[in-house]
There are 2 protein chains.
Amino acid sequence: MLNSIIMNLEDLSKHLKLSQTTVSRALNDFPEVSEKTRSRVKSAAQKFGYRPSHHAARLAKGKAMAIGHVVPLAEHAMINPHFADFIAGAGDVYAQHHYDMHISVVNSDEEESLYRDLARSGKVDGVVVHAPQINDYRIPLLKELQLPFIVHGRCDDSTPDYAFLDINNKRAFSRATEYLIDLGHQRIALLNGLETMSFAVRRKLGFIAAMEKHNLCCDPALMVQQEMIEPTGYAFTKQILALPEPPTAMMIASMLSAMGAMRAIQEVGKKVGEDISIIVYDDQLSFLQNSGEIPLFTSLRSSIREAGKTVATQLIQHIQQPDNVLPQIIWDAEFVIGNSTQRLQH
Amino acid sequence: MLNSIIMNLEDLSKHLKLSQTTVSRALNDFPEVSEKTRSRVKSAAQKFGYRPSHHAARLAKGKAMAIGHVVPLAEHAMINPHFADFIAGAGDVYAQHHYDMHISVVNSDEEESLYRDLARSGKVDGVVVHAPQINDYRIPLLKELQLPFIVHGRCDDSTPDYAFLDINNKRAFSRATEYLIDLGHQRIALLNGLETMSFAVRRKLGFIAAMEKHNLCCDPALMVQQEMIEPTGYAFTKQILALPEPPTAMMIASMLSAMGAMRAIQEVGKKVGEDISIIVYDDQLSFLQNSGEIPLFTSLRSSIREAGKTVATQLIQHIQQPDNVLPQIIWDAEFVIGNSTQRLQH
DNA sequence: TTATATTTTCAAAGCGCTTTGATTTTTTGC
DNA sequence: GCAAAAAATCAAAGCGCTTTGAAAATATAA
């Protein structure tokens with residue numbers, strides 16, 4: 001390869017004694033180019049390391065061939081640990097379809113302006129909306145901007161029609177809570193995520209529904225909504241274990257919180273499973289595995305990486321064929337019994 | 001704002017009865033436009049929600065105003081949990097400088113081709129090289145392609161001149177190991193990362209140097225190189241605690257591994273700190289905090305998010321002023337004493 | 001062999017900006 | 001009040017592709 005010379009289409013077509021039209025079409029696999037010419041063109045392109053100018057191609061085509069992801073993030077705020085796995089899944093699909101992935105980190109106050117820019121400047125052909133809030137302003141905004149989008153998660157039910165991929169969080173939590181109740185547990189704690197996030201609201205609803213169905217009381221002292229990380233899981237668990245009447249089981253919204261809970265439990269000399277049952281929601285993050293023959297935790301599981309793949313696939317399909325209307329997808333979390341749940345001992 | 005009409009520069013300048021030149025210059029803050037005109041232009045742009053076409057601007061300028069990050073990733077491989085934090089830091093800087101962040105997820109076998117494309121197509125003005133390997137082929141490749149780059153981490157010392165930001169891993173680990181030795185520990189385990197990563201090699205060198213300096217033996221049974229996640233940390237710790245002569249202290253290469261180690265230690269009824277001392281390398285991931293008045297772990301700490309910021313800043317500076325030669329930066333990890341280390345009891 | 005259909009190739013016109021070099025308008029100096 | 005200098009604006013060329021509509025080359029039918 002002769003990489004020292006940077007060629008453009010004009011240079012290459014002159015070298016081949018062909019028009020730019022023909023060369024362009026040969027490279028883009030148009031049918032109206034003879035096989036002989038196509039292979040001649042392609043091997044010359046290969047030889048000279050020719051790659052079409054990205055921006056020229058995009059300008060001419062009028063399509064960005066790119067999908068945007070917006071990450072709102074204040075200076076010291078936490079970046080969601082689920083993000084990397086989602087991106088890995090989505091990015092994989094983009095690569096297969098020759099789409100680019102465009103990520104913007106932005107202060108919350110500049111977020112709206114960013115979306116407007118993304119839409120109007122033609123930087124991207126669509127966006128993925130992350131971490132939907134209750135009554136999220138981005139849904140109407142993106143509709144107004146006519147920028148195709150799909151939400152990972154769901155807003156509240158009052159929000160009108162829009163495309164999303166979500167887990168049936170309510171059903172997942174009610175089902176798992178019932179499982180604990182069936183094992184004889186009555187004092188069950190809920191270690192939830194922040195309730196500005198709609199998934200946390202739904203999980204709580206599921207939990208409460210199951211408890212009420214069995215006429216059990218949801219003790220507010222046993223419920224918390226907080227950032228889902230190890231230290232918060234630890235602190236809350238420590239606190240409820242010190243109550244006069246501690247819980248015998250816990251529903252936990254994330255693996256990280258569960259690790260903290262486990263640390264607290266072990267620290268007071270109790271055993272997960274034997275002394276206190278735990279069910280955890282497991283996003284199957286690649287660096288937080290809860291697998292094996294019998295997994296450590298009984299869990300509700302759903303791969304966030306697969307979610308990334310599906311969201312990306314849907315969005316691309318819609319962009320390429322707009323009559324392919326973007327769907328509303330609801331997945332059920334898988335319920336997997338592991339070592340952290342046991343019948344209540346009397 | 002009148003967002004239903006999508007205007008381009010021509011429309012806007014016709015509306016204003018000005019030339020495209022003047023409008024473009026007004027918007028881009030060129031000095032040769034009068035203040036009066038500039039404000040008239042800007043408010044019209046605002047009013048119509050005009051945003052310059054991204055690709056047209058890039059094509060005309062001949063600059064991508066974008067930085068690339070390549071994430072090699074096989075189907076089921078783990079995505080590095082550090083990645084998100086690094087991206088958060090870098091992305092923040094990009095946003096401030098109006099640069100775009102371009103992320104490519106790629107199968108390892110297509111990686112080289114991707115770099116070539118990134119360079120030749122003008123998609124990006126520079127790239128950040130992640131997870132440098134021993135004798136990494138990307139260094140010569142990017143030099144050949146004349147694409148500005150900076151490595152997060154370092155290759156082996158034989159690789160010739162290139163820009164990087166790295167931690168002094170060797171010094172960090174030798175220092176921390178000596179701290180343990182000073183506390184009376186002699187049987188010290190090393191729970192390291194995979195030694196295909198150059199940082200792991202350096203950490204091991206530091207560990208061995210400290211041990212040898214004090215004439216202590218590095219028992220191979222107490223050393224392991226593995227992926228730095230909770231389950232591996234757990235398994236290895238379980239294993240070494242069952243030895244006839246278990247270690248009294250451990251050097252651990254990541255917080256996630258340390259969580260696993262802690263679980264194993266607690267499970268056998270021992271206490272971190274009292275029964276076994278631990279020093280962990282803490283990348284200060286936002287979702288894995290080891291802070292507080294007295295942190296849980298004695299640790300070597302260095303913020304990966306700050307690293308992202310610095311790398312991004314340097315790269316942008318170099319791209320904007322190529323005589324601003326890209327540097328080689330070595331940071332010392334901070335040594336913070338927490339609750340996980342104690343003098344060896346006899 | 002000639003007329004017609006088919007395949008292959010081409011010249012030129014965009015895509016929507018930025019930038020160059022020229023022109024017009026305004027300001028300043030005497 | 002007029003020439004020279006400074007400030008503001010403009011027309012047009014160019015960035016490197018894709019795409020349209022026309023032309024040339026080749027294949028097929030009569």
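Order of the sequence lines sets the chain letters (A, B, ...), proteins ahead of strands, with each chain counted from 1.
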K.L.:
Report yes or no: does Arg120(B) contribute a side-chain atom to a donor-acceptor pair with the main-chain N or O of Tyr50(A) at less than 3.5 Å?
P.N.:
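Looks like no, no N/O pair under 3.5 Å.
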K.L.:
Send over the distance from Glu10(B) CD to dA12(D) C1', rounded to a whole Å.
P.N.:
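These atoms are roughly 13 Å apart.
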K.L.:
Can we say Glu35(B) and Lys42(B) salt-bridge, meaning some charged N sits less than 4.0 Å from an Asp/Glu carboxylate O?
P.N.:
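Not counted as a salt bridge, because no side-chain N and carboxylate O are separated by less than 4.0 Å.
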K.L.:
Between dG16(D) atom P and Gln20(A) atom CD, what is the distance in whole Å?
P.N.:
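Interatomic distance, CD of Gln20(A) to P of dG16(D): 11 Å.
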K.L.:
Quick check: on DNA chain C, is the nucleotide nearest Phe30(B) upstream (toward 5') of the one nearest Ala56(B), or the reverse? Name the residue that is more 5'.
P.N.:
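Nearest-nucleotide comparison on DNA chain C picks Ala56(B).
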K.L.:
Rounding to an integer number of Å, can you tell me how far Asn8(A) CG sits from dT18(D) C1'?
P.N.:
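So the CG-C1' distance, Asn8(A) to dT18(D), works out to 14 Å.
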K.L.:
Quick one: is Thr21(B) getting a side-chain N or O under 4.0 Å of the dT20(C) phosphate, OP1 or OP2?
P.N.:
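Answer is no, no contact under 4.0 Å.
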K.L.:
Is the phosphate of dG16(D) approached by Tyr50(A) (side-chain N or O, under 4.0 Å from OP1 or OP2)?
P.N.:
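So the side-chain polar atoms of Tyr50(A) never come under 4.0 Å of the phosphate oxygens OP1 or OP2 of dG16(D).
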K.L.:
For dT18(C) and Asn28(B) - does any side-chain N or O of the residue sit under 4.0 Å from the phosphate oxygens OP1/OP2?
P.N.:
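Affirmative; the distance criterion is met.
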K.L.:
Taking the side chain of Glu32(A) as heavy atoms from C-beta outward, which of dG16(C), dT9(C), dT9(D) is closest to it?
P.N.:
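Given the options dG16(C), dT9(C), dT9(D), the side chain of Glu32(A) is closest to dT9(C).
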K.L.:
Between Ser34(A) and dT9(C), is there a contact of a side-chain N or O with OP1 or OP2 at under 4.0 Å?
P.N.:
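For Ser34(A), the contact criterion (side-chain N or O under 4.0 Å from OP1 or OP2 of dT9(C)) is met.
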K.L.:
Will you find, in the side chains of His55(B) and His55(A), an N or O donor that is under 3.5 Å from an N or O acceptor?
P.N.:
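The criterion, which ignores hydrogens and geometry beyond distance, is satisfied for His55(A) and His55(B).
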K.L.:
Which is true for Lys63(A) with a 4.0 Å heavy-atom rule: it touches a base, it touches only sugar-phosphate, or it touches nothing?
P.N.:
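Nothing, no heavy atom under 4.0 Å.
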K.L.:
Rounded off to whole Å, could you give me the CG-to-P distance for the Leu12(B) and dC10(D) pair?
P.N.:
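About 13 Å, once rounded to whole Å.
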K.L.:
Using only heavy-atom distances, determine whether the side chains of His54(A) and Asp100(A) contain a donor-acceptor pair under 3.5 Å.
P.N.:
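Asp100(A) and His54(A) do have a side-chain donor-acceptor pair below 3.5 Å.
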K.L.:
Given dT18(C), dT20(D), dG14(C), identify the nucleotide with an atom nearest to the side chain of Leu9(B).
P.N.:
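Closest nucleotide to the Leu9(B) side chain: dT18(C).
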K.L.:
With respect to the side chain of Leu59(A), which nucleotide from dT18(C), dT18(D), dG16(C) is positioned closest?
P.N.:
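The nucleotide sitting nearest to the side chain is dG16(C).
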K.L.:
Nearest whole angstrom, please: distance from the P of dG16(D) to the NE2 of His15(A).
P.N.:
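So the NE2-P distance, His15(A) to dG16(D), works out to 19 Å.
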K.L.:
Check every atom of dT9(D), dC17(D), dA12(D) against the side chain of Ala57(A) and return the nucleotide holding the closest atom.
P.N.:
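The nucleotide sitting nearest to the side chain is dC17(D).
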K.L.:
Looking at dT18(C), dC10(C), dC17(D), which one has an atom nearest to any side-chain atom of Ser24(B)?
P.N.:
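Looking only at side-chain atoms, Ser24(B) lies closest to dT18(C).
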K.L.:
From NZ of Lys17(A) over to C1' of dT8(C), roughly how many Å is that when rounded to an integer?
P.N.:
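Interatomic distance, NZ of Lys17(A) to C1' of dT8(C): 19 Å.
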K.L.:
OP1, OP2 of dT9(D) versus side-chain N and O of Ser19(B): anything below 4.0 Å?
P.N.:
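For dT9(D), OP1/OP2 do not have a side-chain N/O of Ser19(B) under 4.0 Å.
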K.L.:
Is the closest basic N to carboxylate O distance between Lys123(A) and Asp117(A) below 4.0 Å?
P.N.:
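So Lys123(A) pairs with Asp117(A) through a salt bridge.
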K.L.:
Round to the nearest Å and state the distance from Arg51(B) atom CZ to dG16(C) atom C1'.
P.N.:
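From Arg51(B) CZ to dG16(C) C1': 17 Å.
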K.L.:
Checking side-chain contact (heavy atoms from CB on, under 4.5 Å) between Ile87(A) and each of Ile103(A), Val128(A), Asp92(A), Ile304(A), which is the one that passes?
P.N.:
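It is Ile103(A); the other options fail the test.
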K.L.:
Can you find a side chain N or O atom of Thr37(B) that sits less than 4.0 Å from OP1 or OP2 on dT9(D)?
P.N.:
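Answer is yes, contact under 4.0 Å.
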K.L.:
Between Lys61(B) and Arg38(B), which has a closest nucleotide on DNA chain D that is more 5'?
P.N.:
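Result of the comparison: Arg38(B).
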K.L.:
Quick one: which of dT9(D), dA11(C), dC17(D) gets closest to the side chain of Ser53(A)?
P.N.:
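Given the options dT9(D), dA11(C), dC17(D), the side chain of Ser53(A) is closest to dC17(D).
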K.L.:
For Pro52(A) and for Leu18(B), locate the closest nucleotide of DNA chain D by heavy-atom distance; then report the residue assigned to the nucleotide nearer the 5' terminus.
P.N.:
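On the 5' side of the pair lies Leu18(B).
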K.L.:
dT18(C) P sits how many Å from Asp29(B) CG, rounded?
P.N.:
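Rounded to the whole Å, the gap is 12 Å.
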